[in-house]
Trainee: 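There's a structure below that I have some questions on.
Throughout, a chain's letter reflects where its sequence line sits, starting with A, and its residues are numbered from 1. Note that these values count all heavy atoms, side chains included, but never hydrogens, waters or copies made by symmetry.
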Amino acid sequence: MIRIDCPQCGVRDYTEFTYGGDATLQRPTSDCDDQIIWHDYVYQRENPRGLLRELWQHSQGCRCWLEVERNTVTHDIQSVQLASGGSVSGGTR
Amino acid sequence: MIEQPYRLPTGGLIDRSQSVDFVYNETYYKGHPGDTLASALMANGEHVIARSFKYHRPRGVFSAGPEEPSALLTVGYGPRREPNTQATVQPLYQGLVSSSQNCWPSPRFDLGAVNSLISPFLSAGFYYKTFMWPGLKGWMQYEKIIRKAAGMGEASRAPDPDRYEKSQGFCDVLVVGAGPAGLMAASAAALSGARVWLVDEQLRMGGQLNRETYLIDGMPATEWVANKVQALEQNPRVKLLTNATVFGAYDSQTLGIVERCGADAFQPDTRQRLWLLRTAQVVLATGSIERPLVFSNNDRPGVMQANAVRAYNNQYGVRCGHKTLVFTNNNSAYRTAIDLANSGQTVTAVVDSRKQVEPTLLAQLAELGIRHIGGSAVQDVRGKLSIKEAQLISSDGSQLGESIECDCIALSGGWSPNVQLHSMVGSKPLFSEEHSAFVPGEMPAEYHSAGACTGSFALQDCLSQGAAIGTEAAVSAGFSGMEQTVPSGGEDTLPATEALWQVAKGKGKQFVDLQHDVAASDIELAHLEGYQSVEHLKRYTTLGMAGDQGRSSNVNALALMAQLREEPIAAVGTTTFRPPLSPVALGVFGGLDRGQHYRPYRRSAMQAWHDARGAVLQEVGLWRRAQYYPVGGESIDEAYQRETAQVRAKVGIVDVSSLGKIQINGPDSPEFLNRLYVNNWLKLPIGKARYGVMLREDGIALDDGTTSRWGEHDFLMTTTTANAGPVMTHMEHLLQVVWPELRVRVSSVTEHWAGMAVAGPLSRETLQGCVTDLDLSNEAFPFMAVGEGKIDNVPVRVLRISFSGEMAYEVYAPADYGQGVWEAIVRAGEIHDIVPYGTETLGALRIEKGHVTGAELDGRVTLGDVGMLGMANPKKDFIGRVLMNREGILDPKRPQLTGLKSVNPEEPLQAGAILVNTPEMAAGVDKLGHVSSITYSPEVGGNIGLGFLRDAAERRGERIFAAYPLRDKIVEVEICDPCFVDASGGRMRD
Ligand SMILES: [Zn+2]
C-alpha cells in the first residue's frame, strides 16, 4: 500500500487519497478556441515508465490537492507538495 | 487398544500431565496440549488420513508445518466446518472434530481409487484434451462430474458465525520468523530502541530450535528460546505475535498479517485478526524448508521429510514408525537418525546418494550402531497403505541394490530458503549452485534477510547474522545501533547438499507435487508438448497451484525441467509468488464490516420523525431517505399517488437534507461561479437564487442545481444528492490546481443544514403560519427570492424555488434544530391538510414537470440533449465551453429529452426500456433512444415517463414502442412534451 506524506497531515495510506492524474497538464487559456488543443488537454496522457508528477487529493483528510512525484515502476514517492503552490500555514510540520 | 501407541514414553514439548479429547472420523482420540492435529493423529497410529486429489492415492502426514501437501482434513462442523485444513499447523484443542475428505467410505478404503487404475490416462492436460469435445458446452457438463471426482473438502454453505477483526499496526522494525535468526534480530533491534514486531506462524516461538537437540550457551535450545521470548515480552516496545502469518508484502513497507487467535478453540471469541502493519524496516528471517526426493511411490504414507520425523520425535514425542530408513543427499538428515536412535527408535539404515561423507558423521552413526549405505538411493517403495520395504539402487542408476525392510522413510533432498516474501517486494530469487536452491536476490533498501532464508544453515551463523541484521535494521530506521551479544551455538555441520533431482525410475509414479498429484512424467509430457517455460509448465500441469503454493515441489520441478531443456536451473527461472502466502479466510478481510456495518449510514436530522410516521426508507447512496408514508396498509403505488395528488391540490413537505450543500465565500466567488456554470453569474443580486448547469471539461453535463447569494461574498450552492461529493471535488480541483489565484473558499455544509421543501398551492399560507421576521408575500418574496427568517425562534434560510412546478419553498435550518422546525411547519400546515411525502412523490412531481435529475444527467448527456443549449453564454469562459461544440455533441441526430405517455394509461412504463418504431423485439432493430424515468401521474391520469429520443420535437404526437426484452415487455407510447403540468410556469411564479 502506497503511503503519501501529506504536507498538512503527515504520512497516510493512499486509501485516504483520490487519484487525480497527470499534474503537468496546463489548462488552455480562456481565449483558446482550438478543439485539438482542448482535446489533447482532456484526453491525451503519457504513460511513462519511471518518475511521474501526478495529482492526489487528500479526500479523507485535509481535502488538499497534492502534487506527488512517484516512480511508476517501484511506487517510490520522491516528493509531495501542495498543488496550489502554497505552503502549509503555521510553519513546517 | 493402547492409548496413543505411537507416543514415545518421554520427551517433547507437550504437556503430558493433561490430555485433550478430539474426534477424527467419528471416533474419539486423546492427545496432549502442545500437539498439532497431525502429531495427535500419528501418536494414535492413524497414518492414512487422506486421499490424493486426482488419483485418490492413500496419503499420510508428510511434514510438520505449513508446507504440508497431503494431510488436509476438514476441521469443525456445522457452519464452522473448514475444509482443507493442514493437520500439521492445526493446534489440537479440547473437542476438536475432524474428518477425512476426498474419500468414501474411508481413507483406508476409498472407492474413488479407481482413478488410480486409469491413471495412465490422467496425465497433464488430460481433462482438457478429452472433454473439450464437443465444444465448450460439453466441457461445462463434464466439468461438474470431474470436480466431484477430483474434489477437495466441501465448505459449509451456512453464513460464517465467527467474529473476525481488522487492526492497524505501526512499528519501526518488523521481524518475520522467530527462529534463531529472527529472535536475535528482534532482540538487537529492540536493544537499539526501535519499536519491534516479531511474528511467527507457529504456535510456539523458536522455529527450528523446537525441533532440534541443539545447545545454545550450554543450555538446551528450547530453554534459551523461552528466556529470549520472556525478555522480549517484558519489553514494552516489542510486540510478539504467534500463530500469525505474514501473508503479503506491499508497497511502502505495508504488510498483511493474519493472526489465527482462535485456532485453538471451536467457538473462539475472535477466530482471526487481520493486521495491516506499516513499518520502516523489515527483517525477513523466514527460514527454509526441506525438499522431498523424487523416486517411485514417494507419496506413500510413511514417506516423510527427515526434518518432520525429527520434529515429531523431538517436539511432540511421537514416533513415525518402528523401523525408519533415512534417505538423503545432504548432512542434515543424519541428525534425524541420531536423534531417533537417542530416543530409542530403530533406524534401519541411512541411505546417502553421496559417495563422500564427513567421517565424523559416519563415526557417530557407527557409535549408535546405525548402518550407512553410501552412493545409493531409494528407487521404489513397496506397500500401499503402509510401507513394507524400500528398494535401493546405486545413485547413478546403474545397479539395483538390496531391499530394506522399513515402515517409515525419512527423506531429505536439501533445503530451500523461503523466499516468497522476498519475491513479493520485487526481489528475483537467484539460483545458488552451492545450496542447490534459490536464495534471495537484490531487495529494496528497507528489506533485510537473515538466517536460513539466505542460505546460512549453521546455527552459529543464524545467531550472529540475526544480531547484525537486527542492529542494521534499527539503524536504518533512525536509531543508534547497540551491539547485541551473540550466544554460542557450538559446532554445526553444514548440509553439503549434492543435487539428486530424480532417482532412476521404478515401477510407480515419481511424485513432484503431492497435493496436485503431479508426477515427473507429467513434467516430461509438458516438455514434450512444448510447455517448457516455468509459467506454462505451472499452468499446464497445475504444479504449485494448490493451497501449499508448491512450497515443497517448485524447486524439484524446475530442476527436472532444466534437465529436460538441457539448461542450467538459473536459465529456467522461477515463478512469481503472490499474496497470500498461506490460505487466509475470506471472513477476515470483511472483519466486522458486515451487514449493516458494511458502510456508514447517513441519517437526516428528521429521521426520527420519519420513523415514527412509519415511512418506508430507501437507500440513496449512504442516505436512507423516506420513500413514502403508507397510511392504513396502502401499497407503494397507492401511497405515492395519494401524496402526489395532495401536493398538487393542497400542500406537502419533503425532506431534502441529502441534497449537497456547498458554501462559497471570497471576493472572487461570482467570477468562480461564472466559470463553473454555463450561464451568467456575475450579476446575481443578494437575496436571489439562480438555476445553473455545470459541464465537465469534455462538454458533457456534470450536475445542475441552484445557487443563492446571501451576501457580497457569500453563496450557497445545492447539488443533486448523488453528485454532492464529485461536485465538491471538482470545485476544489479548480480552485487549488487550475485557478489558485482566485480568492475563493468552498466548504461542504451538507451536514450543517437540515433541508425541507414545502410545495403546493397552500405552501405560502403554511409558511406564513410559522415563519417570522420574513415577509413571504408574492411582492416582497417572488419566485427565486431567498431570505432569512425564523421558525419557532430558530433562524432559518428560506428559498422560493420549485422542483415540483407548484408554488414551493425550501427551508434550511441548522441540523440540530431540523426536526423542531419540520414539526413547526407540519403544525402550521395541519389546517391546510399538509401531507409528508417521500422520494417516490418527489420523483413523480418532477417527472410531471419535466425536470431532469441524475437519471437524465447520467454522464452521457449534453446541454443540447436536455434542451438547454440556449442557457450557455459562449462569450465567457466556462468549463466545457470549447468541447461542448464538438461535432458529435452538436449532432442533431442525438436523442433529445422527451415526454412519453402510455397509450393505455393503465400500462406502466419501465425505466431503461429501449424506444423503437415497431413492436417486434428483434435483434438489429433501429434503436431510437431510451426511457430514463417513469411514474404514474395523477395529473395526467396515466403512466408517463421521460426519456431521450431521436427527432423527439418533430415527432410529437406520434406513437412508438418502449421495449424491455429482459422482461419480454413492450408498451405502446405517445411522444409528448416533457412538461406535463403547467407548461407556462404560472403556478410556481404567482
Ligand atoms: Zn492532508
Trainee: Is atom CG of L682(B) surrounded by more than 12 heavy atoms (other residues, nucleotides or ligands) closer than 6.0 Å?
Mentor: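 Correct, the count exceeds 12.
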Trainee: What pair of heavy atoms forms the shortest contact from S84(A) to P740(B), and how long is it?
Mentor: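 So the minimum-distance heavy-atom pair works out to O-CB, 4.0 Å.
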Trainee: By a 4.5 Å heavy-atom criterion (distance strictly below it), what part of Y14(A) contacts chain B: side chain, backbone, both, or neither?
Mentor: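 It is neither, since no heavy atom gets under 4.5 Å.
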Trainee: Under 4.5 Å heavy-atom distance to chain A, tell me which part of R675(B) shows up: side chain, backbone, both or neither.
Mentor: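 Contact with chain A is absent: no heavy atom of R675(B) under 4.5 Å.
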Trainee: Select one option (side chain, backbone, both, neither) describing which atoms of L734(B) are under 4.5 Å from chain A's heavy atoms.
Mentor: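 L734(B) has no heavy atom closer than 4.5 Å to chain A.
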Trainee: Quick check: are there more than 12 heavy atoms from other residues, nucleotides or ligands sitting under 6.0 Å from OH of Y598(B)?
Mentor: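 Open: at most 12 neighbouring heavy atoms sit under 6.0 Å from OH of Y598(B).
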Trainee: For the CZ atom of R12(A) and the CZ atom of R278(B), what is their distance to the nearest 0.5 Å?
Mentor: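 Interatomic distance, R12(A) CZ to R278(B) CZ, rounded to 0.5 Å: 10.5 Å.
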Trainee: Give, for atom CE of M884(B) and atom CH2 of W38(A), the distance between the pair rounded to the nearest 0.5 Å.
Mentor: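 The CE atom of M884(B) sits 13.0 Å away from the CH2 atom of W38(A).
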Trainee: I need the E446(B) CD to D76(A) CG distance, nearest 0.5 Å.
Mentor: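 So the CD of E446(B) and the CG of D76(A) are separated by 7.0 Å.
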Trainee: Quick one: what part of C64(A) sits under 4.5 Å from any heavy atom of chain B, side chain, backbone, both or neither?
Mentor: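 Both parts, backbone and side chain.
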Trainee: Could you tell me which of G20(A), C32(A), A23(A) has the largest number of non-hydrogen atom pairs under 4.5 Å with chain B?
Mentor: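 It is C32(A).
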Trainee: So does R70(A) pair up with D251(B), basic N to acidic O under 4.0 Å?
Mentor: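 Not counted as a salt bridge, because no side-chain N and carboxylate O are separated by less than 4.0 Å.
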Trainee: Could you go through the side-chain contact (heavy atoms from CB on, under 4.5 Å) check for I879(B) and R27(A) one step at a time?
Mentor: CA-CA 10 Å; I879(B) 298 292; R27(A) 188 172 186 266; 3.6 Å; yes
Trainee: Counting only non-hydrogen atoms closer than 4.5 Å, does R63(A) touch chain B with its backbone (N, CA, C, O), its side chain (CB onward), both, or neither?
Mentor: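 Its backbone and side chain both get close to chain B.
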Trainee: Between Q35(A) and chain B, with a heavy-atom cut-off of 4.5 Å, which part of the residue counts as in contact: side chain, backbone, both or neither?
Mentor: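 For Q35(A), the contact with chain B is made by backbone and side chain together.
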Trainee: Quick check: are there more than 12 heavy atoms from other residues, nucleotides or ligands sitting under 6.0 Å from CZ of R49(A)?
Mentor: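 Incorrect, the count does not exceed 12.
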Trainee: Checking T18(A) against chain B: side chain, backbone, both or neither under 4.5 Å from a heavy atom?
Mentor: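 Neither; nothing under 4.5 Å.
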Trainee: Quick check on D13(A) against chain B: is it the side chain, the backbone, both or neither that has a heavy atom closer than 4.5 Å?
Mentor: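 Side chain of D13(A) only, per the 4.5 Å heavy-atom cut-off to chain B.
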Trainee: For L255(B), is it the side chain, the backbone, both or neither that has a heavy atom under 4.5 Å from a heavy atom of chain A?
Mentor: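 The answer is neither part of L255(B).
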Trainee: For V738(B), is it the side chain, the backbone, both, or neither that has a heavy atom closer than 4.5 Å to a heavy atom of chain A?
Mentor: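 The answer is the side chain of V738(B).
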Trainee: Atom NE2 in H733(B), atom CH2 in W65(A): separation rounded to 0.5 Å?
Mentor: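 Answer for the NE2-CH2 pair, H733(B) versus W65(A), is 5.0 Å.
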Trainee: Is the CD atom of E741(B) crowded by more than 12 outside heavy atoms at less than 6.0 Å?
Mentor: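 Yes, enclosed.
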Trainee: Does the R881(B) side chain pair with the main chain of S30(A), one donor and one acceptor, at a distance under 3.5 Å?
Mentor: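 Yes, because the side chain of R881(B) sits within donor-acceptor range (under 3.5 Å) of the backbone of S30(A).
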Trainee: Could you tell me which non-hydrogen atom of R3(A) sits nearest to which non-hydrogen atom of F170(B), and how far apart they are?
Mentor: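 Nearest heavy atoms, R3(A) then F170(B): NH2-CE2, 4.1 Å.
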Trainee: If you count heavy-atom pairs under 4.5 Å between each of T729(B), V882(B), L883(B) and chain A, which one has the most?
Mentor: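 Of the options given, most contacts go to V882(B).
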Trainee: Tell me, yes or no, whether the heavy-atom count around D891(B) atom CG, taken from other residues, nucleotides or ligands under 6.0 Å, exceeds 12.
Mentor: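 It does: D891(B) CG has more than 12 such atoms within range.
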Trainee: Let me know if I37(A) has heavy atoms under 4.5 Å from chain B in its side chain, its backbone, both or neither.
Mentor: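 Answer is neither: I37(A) stays 4.5 Å or more from chain B.
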Trainee: Might you confirm whether atom NZ of K428(B) has over 12 heavy atoms from other residues, nucleotides or ligands at distances under 6.0 Å?
Mentor: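 It does not: K428(B) NZ has 12 such atoms or fewer within range.
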Trainee: Answer yes or no: are there more than 12 heavy-atom neighbours, outside Q168(B) itself, under 6.0 Å from its atom CD?
Mentor: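 Yes, because the 6.0 Å sphere around CD of Q168(B) holds more than 12 heavy atoms from other groups.
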Trainee: So does E887(B) have more than 12 non-hydrogen atoms from other groups sitting under 6.0 Å from CD?
Mentor: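 No.
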Trainee: For R696(B), is it the side chain, the backbone, both or neither that has a heavy atom under 4.5 Å from a heavy atom of chain A?
Mentor: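 Neither the backbone nor the side chain of R696(B) comes within 4.5 Å of chain A.
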Trainee: So, do L276(B) and M1(A) sit near enough that their side-chain heavy atoms are less than 4.5 Å apart?
Mentor: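 Yes - at least one pair of side-chain heavy atoms lies under 4.5 Å apart.
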